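Data block below; observations after.
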Amino acid sequence: VSFRTQFLGPLAELRKIAAEPPGFDLRTSILTIRTRTWTGGDNGAEVRLGTSTDSDLVLVPRPKLTPIDGGGFLVGPITPQSATGGYTVAQLNPLPTLTAGQEVLYILSGPAGDYYYTLVEIQHHKAFRYMLKLAPLDRAVPH
Amino acid sequence: MSETSAVGGLTLPVSAGAANAELADPAVAGIARFLAWALNNDLSAKLAQMAGTSLVAVPAANVYPWAPDKHWQRSTLPGLWCAWGGKSKRVPHTTVYDRRERRIDVFYAFSELVAPNGLRSRAGLMAAAEASIAKACDRGRHESYAPTGYPAGTPIARACGLLQWQYEGAEQQFTASIPAPGRAGTSADGHVVRGYPSIKASILIWERLDGHTLEDPTDAAGEVLVTINGSDGESTDTIPILERIVSPPDGDEE
């Protein structure tokens, strides 16, 4: 066990205390990574064809959001997975493993309601944090 | 004569009408309603079998008689926009009256699709929509479609006060795509992209610039007695050899 992996657990706890009640409660938006699976048609499974079912991953703790140019957010730091919590890159970005009839939506739920985003970049080169760059799917702005 | 007259389907001065009633462009409104009807007539049966996006081509509330500009994404989709675009032109048409030519821009956008995994089944949708618009303009009427205030089958040109309307063509776009180049600090290359299948079309219309309106009784045409007289060529005496009465128009002439 390395110093890094040993430190990830306490780091995740510290971030949770900063983010959520009964801690400092500084993060007010929840990020849900939703994998939506469609039934498809005569050409096989296809996104936005048929009926859909959702599989949600709600990130804990709530992540920090930093506005970026273009109306999106830089989301994180998100603690990499360890024995006591955190997330893998594959969990944060399910895109490479999707099948034909699946799509991924990133939903930020905050004071203004639920808004949909798409992942445009994932930064996974740091030892203690992953970062997601999200672009808004809602064209009616501001919201 | 009265100064009241029409330009195309619009009578000037515009009547006051009811309080807060719209001031519509008759040509744009009439063409928009007809094209929306045609798109629904031609495509909605198929779309109703394709769940996941809109089950109709153009919902009744989504016909927009204004230019889409850069705010069309705020309107409910799918939607059909029709608006006068570009510069109008006066063209001599007959010795009695001129015509006004205008270009009507048509924009049709369908529900958001996801590329590439959501394109296959609806890959032909915009071609079908463009075909529907082309057919509607070419026929100019449909036996099942009743323009506002007219019986079914009435030509749109007549209902809208047009001398003529011509379909000029269209192009398709996968528009308002996200992520877009430069947005959120990234290139769109290689990403899953969400956008709207859409087409932009144009229609050229001819509208008559009417002259003064004739009034009754001062301008009313009446019966005219026409007499042809003949003489022997030597004296000034003449005798009538033919008398006829020319009747005024009764309003039924084509």
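Each chain gets a letter, A, B and so on, in the order its sequence line appears, and its residues count up from 1. None of the values given here were measured: they were computed from a predicted structure.
- Contact count against chain A (heavy-atom pairs under 4.5 Å) is highest for B:Asn117 among B:Val114, B:Thr53, B:Asn117.
- Here B:Arg194 contributes atom CZ and A:Arg48 contributes atom CZ; the two are 6.0 Å apart, rounded to the nearest 0.5 Å.
- With a 4.5 angstrom heavy-atom cutoff, A:Thr118 touches chain B only via side-chain atoms.
- The distance from the CG atom of A:Leu49 to the CG atom of B:Leu113 is 10.0 Å, given to the nearest 0.5 Å.
- For B:Gln49, no part lies under 4.5 angstrom from a heavy atom of chain A.
- Between A:Val120 and B:His191 the shortest side-chain heavy-atom distance falls below 4.5 Å.
- Around CZ of A:Phe128, the count of heavy atoms belonging to other residues, nucleotides or ligands within 6.0 Å exceeds 12.
- The distance from atom CZ of A:Arg139 to atom CH2 of B:Trp72, rounded to the nearest 0.5 Å, is 7.0 Å.
- For A:Leu95, the part lying under 4.5 angstrom from a heavy atom of chain B is the side chain only.
- The distance from the OH atom of A:Tyr117 to the CD1 atom of B:Ile178 is 10.5 Å, given to the nearest 0.5 Å.
- Heavy-atom contacts from other residues, nucleotides or ligands closer than 6.0 Å to CZ of B:Arg100 number more than 12.
- Side chain of A:Glu46 to main chain of B:Ser121: a donor-acceptor pair is present (N/O by atom type, distance under 3.5 Å, no hydrogens or angles).
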